[in-house]
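Keep in mind that this is a model prediction, so the values were computed, not measured. Because only heavy atoms are used, hydrogens play no part in the values below, and waters and symmetry mates are left out as well, while side chains stay in.
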Number of protein chains: 2
Amino acid sequence: MNNDVNTSATGSTGPAPEPMGADIPSTVPTHWYNLNADFPEPVPPALHPGTREPLGPQDLAPLFPMALILQEVSTERYVEIPEAVREIYALWRPSPLVRALRLERALGTKARIYYKYEGVSPAGSHKPNTAVAQAYYNAAEGITRLTTETGAGQWGASLALACSLMGMTCEVWQVRASYDAKPYRRFQMETYGSVCHSSPSELTDAGRAMLAADPDTTGSLGMAISEAVEAAAKDEQAHYALGSVLNHVMLHQSVIGQEVLVQLAEAGERQADVAFGCAGGGSNLAGLTFPLIGRNLREGTTTRVVACEPAACPSITQGEYRYDHGDVAGLTPLLKMHTLGKNFVPPPLHAGGLRYHGMAPMVSHAVELGLMSGQAVGQDEAFAAGVIFARAEGIIPAPESTHAVAGAVEYARSAESDGQVVLIGLSGNGVLDLPAYAAYV
Amino acid sequence: MNNDVNTSATGSTGPAPEPMGADIPSTVPTHWYNLNADFPEPVPPALHPGTREPLGPQDLAPLFPMALILQEVSTERYVEIPEAVREIYALWRPSPLVRALRLERALGTKARIYYKYEGVSPAGSHKPNTAVAQAYYNAAEGITRLTTETGAGQWGASLALACSLMGMTCEVWQVRASYDAKPYRRFQMETYGSVCHSSPSELTDAGRAMLAADPDTTGSLGMAISEAVEAAAKDEQAHYALGSVLNHVMLHQSVIGQEVLVQLAEAGERQADVAFGCAGGGSNLAGLTFPLIGRNLREGTTTRVVACEPAACPSITQGEYRYDHGDVAGLTPLLKMHTLGKNFVPPPLHAGGLRYHGMAPMVSHAVELGLMSGQAVGQDEAFAAGVIFARAEGIIPAPESTHAVAGAVEYARSAESDGQVVLIGLSGNGVLDLPAYAAYV
C-alpha cells in the first residue's frame with residue numbers, strides 16, 4: 001500500500017495527520033487483514049453503472065481518496081495501519097473478549113461462550129474502526145470535509161467522531177423519519193461539531209426535487225445517499241464516506257477478528273468452533289470473521305461462520321446473488337452481491353443497521369464459496385436473546401447485535417458435545433435503543 | 001471483615017453467591033482501600049435521629065446487611081473483595097487510564113493530562129462498583145429484594161444491573177419529574193428485570209400521603225427515599241440500598257483510585273500532582289482520590305485533590321460543616337457533613353447526580369483536615385469543557401464529569417511549569433444526557 005499518494009480527486013495535497021507520539025500498546029493491531037489475499041478465487045469486480053465494465057480507480061476518484069481506492073482493489077494480505085490511526089484505536093482497542101460464564105449458566109449449556117464487545121468505542125459500536133481510517137486517508141490527501149448519509153445515526157455519529165479527532169468537518173444527511181423521531185444520535189453528531197441535516201433537504205438538487213414531488217416524505221437512505229454524494233461532488237475540498245459494503249470497509253474492520261485470534265489463544269482456546277455475527281451491510285460480520293476464515297484457509301482450522309440477518313430483510317438467505325446497485329436511484333456502481341433488489345423496502349425494524357437490500361460483495365462471495373452460511377432471525381427471537389444476555393452479562397446489546405446473540409443462544413442450547421467454543425460478535429450496545437427494549441419487555 | 005455473618009436483620013440466612021471460577025486478571029483489585037485507617041483523626045460518628053447518640057449496628061440492621069454495617073464502621077485499611085464480586089468487576093475493570101494527548105494539544109498546555117474513565121461499565125458510570133458489592137452482601141445474608149430511590153436514574157439502573165447479576169429483584173422509586181421526562185434509564189432498569197415506580201406512588205403510606213396533599217407534585221428525592229425505605233422495612237426479604245454518602249460506598253469505590261496508582265506507575269509517573277473529581281454525594285470523588293490521599297499520608301507524596309462541585313449546589317464551598325439529616329423528612333441518621341441544609345432545593349441542573357444538599361462525611365472530614373479542597377464550577381463552564389473534551393478525546397463526558405474536566409482544563413491552561421501530571425476523574429459517559437449537550441451547543 002502506498003499511503004503517501006500525492007494526487008487526489010481534487011488535486012489538493014496535504015500532509016498525513018501526524019501521529020502524536022503516544023505509547024501504543026503492542027496489543028493494538030499493526031496491520032489490517034485482507035481476505036482478498038486468501039480467497040480461493042477473486043471477488044467479482046464492481047462494474048460501472050453506465051458501461052457495465054469493471055470500474056477503474058479514476059471512476060471512484062471524485063468521491064474517495066486514492067489510498068482508499070487502492071485498498072478497495074488490493075490483494076495484499078496485510079495492510080499497515082498508520083500510526084495516527086493506531087493512536088486513536090488505542091483509545092478503546094483492543095476491545096474486550098469476554099467469557100460469558102453467566103450466560104452459559106443461564107442457558108445450561110456445555111459450550112464455552114465468548115463475546116467480542118465493540119460497544120466500548122466512544123460511539124458505542126464498531127463503526128469508528130473504519131470511520132477513523134477513512135477520515136485519516138482523506139485528511140492525508142488534503143480533504144477538509146466529509147459528507148455521508150445515516151439512518152438511525154450510528155454511522156453518522158461515528159464519522160462525526162472521526163472527523164472531530166482528525167480536525168475535519170463532517171456533514172450528515174439523516175433520513176427525516178429518524179431525524180425527527182430519534183434525536184439522540186443527531187445530538188451526538190452536533191456535540192462532535194458536525195452538521196446534521198434532515199433528508200431530503202433544500203440544500204441539494206436531489207433533495208429539492210424530492211421535496212417538490214412529496215413535501216411530506218419521511219425520506220429514505222437512498223435519497224440521503226444521493227444528497228451526500230451530490231454535496232461531495234460539488235465541493236473540491238469534500239469527499240464522501242460509506243460505512244459498510246465496500247472492500248476497504250471490510251479491511252478496516254478486520255482489527256476485530258485479528259484481536260479475537262490473539263485473545264482466544266490467550267484464553268487457551270485452539271479456535272472458535274462456531275462464530276455468530278450480525279449481518280446488515282456486512283462490515284461487522286466481516287471484521288469479526290474474515291481473519292478466522294483466512295486462518296481456516298491457510299492453517300486448516302475449522303471455524304464455522306454464521307451470518308445472522310433479520311428475517312424481515314434476509315438478503316443472504318432469501319436474496320439473489322447477482323449484480324445490483326447499492327442505492328435506489330441506481331447511480332452507484334453495480335456490485336455482485338446477495339440482494340433483495342434495490343427497490344426492496346424492508347419493514348420498520350428496530351435493528352436499523354440491518355435494513356439494507358444488499359450485502360457486501362466480499363461477504364456474498366464468502367457465502368457462495370461455502371466459507372460462511374446465513375441464518376435468518378426474527379425480531380422477537382432477537383430481543384428475547386438480547387434480554388437473556390443483558391440480565392446475565394450486564395451489557396444491553398444493540399438491536400443489531402441481538403441477532404448474533406440469538407444465533408449463538410439457539411446453538412448453545414442444543415450443543416450436545418462438551419466444550420465447544422462459541423463466539424458472539426457484539427457489535428455495539430443498545431443504550432440509545434432502550435425504547436425498543438421497553439416495547440419488547 | 002467477617003463476610004460470613006449468619007444473622008441479618010430479617011433473621012434469614014443464606015449462602016454467599018458462589019464465584020463461578022472465572023480467570024480473573026491480576027489487574028482487578030483484590031481489596032478495597034479504607035481511608036478511615038489513615039485519617040489522622042477519626043470521622044465523627046453518625047448519630048441516631050431521635051437520641052442524638054452515636055448509632056449502633058442494630059440501629060441500621062433493619063435496612064442493611066450486617067456485613068455492610070460492619071464496613072460502615074471499619075477502620076481496617078484493606079478489606080478483601082469477595083471473589084464473586086471481583087468476577088463481575090472483571091467484566092469492565094480495570095477501567096482505562098488514558099493519556100489525553102489530544103486534549104493537551106487542544107489546550108496548548110505543558111501539563112500531562114490523564115483521565116480515568118468509569119463509563120465503560122454496563123451502566124455507563126462508576127455506580128456499579130458499589131451496587132454489585134451491596135447486592136452481593138445482601139444476597140449472602142438471604143435477602144432477595146432490594147429497594148432504592150433514584151433521580152435521573154443512574155443509581156437505579158446500576159442497582160438494577162447488580163441485582164440482575166446476583167439473581168435478586170430490585171424495586172426503584174424514581175422521582176416523578178425524571179420518570180416522566182427521561183424514560184431511558186427506566187427502560188434500562190426494566191430491561192434488567194427491575195420494577196420502577198413513579199414517586200410519589202400509591203404503593204406506600206408515605207407516597208399516598210404525599211399524593212393526597214398534592215396530586216400534581218413532581219416528586220423529590222427525599223420523598224422517593226421515604227418510599228423505598230418504607231417498602232424495605234415492611235418486607236422481611238427486602239433491604240434498602242444507598243448509592244453514595246455512606247462510608248461503605250466510599251470503600252467500594254476505592255477500586256478506581258487503586259487502579260490509578262498502578263496505572264500511573266506503569267505510565268512512568270511518580271504521582272498525580274493534582275487530581276480533579278466531581279462531587280455530588282461524594283462517592284466518585286472518594287473512589288478516585290482516597291487511595292491517593294492515603295498514599296500522601298503514608299508515603300509523603302503530594303497529590304493535591306480538588307472536589308469540583310456545581311456552583312448551583314455548592315455544599316463544600318458554601319455549606320456549613322455540621323450534623324444534618326440525609327433526607328428532607330429528617331428520618332435518616334444525623335451525619336456530620338458539609339450541608340446546605342436538608343431543605344435546600346437546588347435549581348434544575350443537567351448534572352442530576354450532583355444535586356444533593358449534603359456531602360459524604362468522609363469527604364467532608366477530608367476537607368476539614370485540609371486533605372482536599374473544593375471548587376465551584378458553573379454549568380456553562382462545565383459544558384464548555386465537556387465539549388472541548390469530547391471533540392479532542394472522543395468520549396462525551398457525563399454532565400457530572402464535566403465539572404471535573406472544567407477544573408482540570410482551567411488548571412492545565414494556566415500551568416506554567418513543565419510536566420505537571422493532572423488527573424481527571426471521568427465518572428461516566430453522557431450518552432443518555434445528549435439533549436443537555438444539544439441545548440448547550
Side-chain angles (χ1 to χ4, degrees), chain A residues 19-23 87-88 90-92 96 98-102 104-105 117 119-124 128 132 160-165 167 183-193 267-268 383 386-387 390-396 429-441, chain B residues 19-23 87-88 90-92 96 98-102 104-105 117 119-124 128 132 160-165 167 183-193 267-268 383 386-387 390-396 429-441:
Chain A
M20 309 197 63
D23 284 335
E87 282 183 346
I88 293 178
L91 294 176
W92 69 89
V98 181
R99 173 83 182 271
L101 289 168
R102 282 164 203 79
E104 292 171 18
R105 182 191 280 178
Y117 182 44
V120 290
S121 85
V132 170
L161 161 70
C163 285
S164 169
L165 296 177
Y184 276 67
R185 292 278 181 203
R186 167 161 53 92
F187 298 157
Q188 207 172 13
M189 298 177 223
E190 291 169 351
T191 301
Y192 289 133
F383 271 112
V387 169
R391 294 183 183 178
E393 296 293 325
I395 295 166
I396 300 177
N429 68 55
V431 174
L432 291 185
D433 305 288
L434 285 164
Y437 273 92
Y440 172 79
V441 172
Chain B
M20 308 197 65
D23 284 336
E87 283 183 345
I88 293 178
L91 294 176
W92 70 89
V98 181
R99 173 82 183 273
L101 289 169
R102 284 164 201 78
E104 292 171 17
R105 181 191 281 179
Y117 183 44
V120 290
S121 85
V132 170
L161 162 70
C163 285
S164 170
L165 297 176
Y184 276 67
R185 292 279 180 204
R186 165 161 54 93
F187 298 156
Q188 206 172 14
M189 298 177 221
E190 290 169 352
T191 300
Y192 288 133
F383 271 111
V387 170
R391 294 183 183 178
E393 295 295 323
I395 296 166
I396 300 176
N429 68 55
V431 174
L432 291 185
D433 304 288
L434 284 164
Y437 273 92
Y440 172 79
V441 171

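Taking every heavy atom of both residues into account, A/Y192 and A/A160 meet most closely at CB-O, 3.8 Å. For A/G394 against B/P122, the heavy-atom pair with the smallest separation is O-CB, 3.3 Å.
With a 4.5 angstrom heavy-atom cutoff, A/A390 touches chain B via backbone and side-chain atoms both. Using a 4.5 Å cut-off between heavy atoms, A/E104 makes no contact with chain B at all. Residue B/R102 touches chain A through both its backbone and its side chain, counting heavy-atom pairs closer than 4.5 Å. Proximity to chain A (any heavy atom under 4.5 Å) is restricted, for B/V98, to the side chain, taken from C-beta onward. Proximity to chain B is absent for every atom of A/R186, based on heavy atoms less than 4.5 angstrom apart. For A/L161, the part lying under 4.5 angstrom from a heavy atom of chain B is the side chain only. Within the 4.5 angstrom heavy-atom criterion, no atom of B/P96 approaches chain A. Only the side chain of A/V441 comes within contact range of chain B, with at least one heavy atom under 4.5 Å from a heavy atom of that chain.
Atoms CE and CG, on A/M189 and B/L434 in that order, are 10.5 Å from each other to the nearest 0.5 Å. Taking CD of A/E190 as the start and CZ of A/R185 as the end, the distance is 14.0 Å to the nearest 0.5 Å.
No other option in B/E87, B/E393, B/R105 has as many heavy-atom pairs under 4.5 Å with chain A as B/R105. Residue with the most contacts toward chain B among A/L432, A/L91, A/V387: A/L432 (heavy-atom pairs, distance under 4.5 Å). Most heavy-atom pairs under 4.5 Å with chain A, from the set B/I88, B/T191, B/N429, B/I395: that is B/T191. With respect to chain A, the highest number of heavy-atom pairs below 4.5 Å among B/Y440, B/W92, B/Y184 belongs to B/Y184.
In this structure, B/Q188 contributes its side chain and A/V431 its backbone to no donor-acceptor pair below 3.5 Å.
The salt bridge (Lys or Arg N to Asp or Glu O under 4.0 Å) test applied to B/R391 returns no partner, not counting sequence neighbours. A search for ring pair (Phe, Tyr, Trp, His ring centres under 6.0 Å) contacts involving A/Y117 returns nothing, not counting sequence neighbours.
Relative ring orientation between B/Y437 and B/F383 is described as perpendicular, the plane-to-plane angle rising above 60° on a 0-90° scale split at 30° and 60°.
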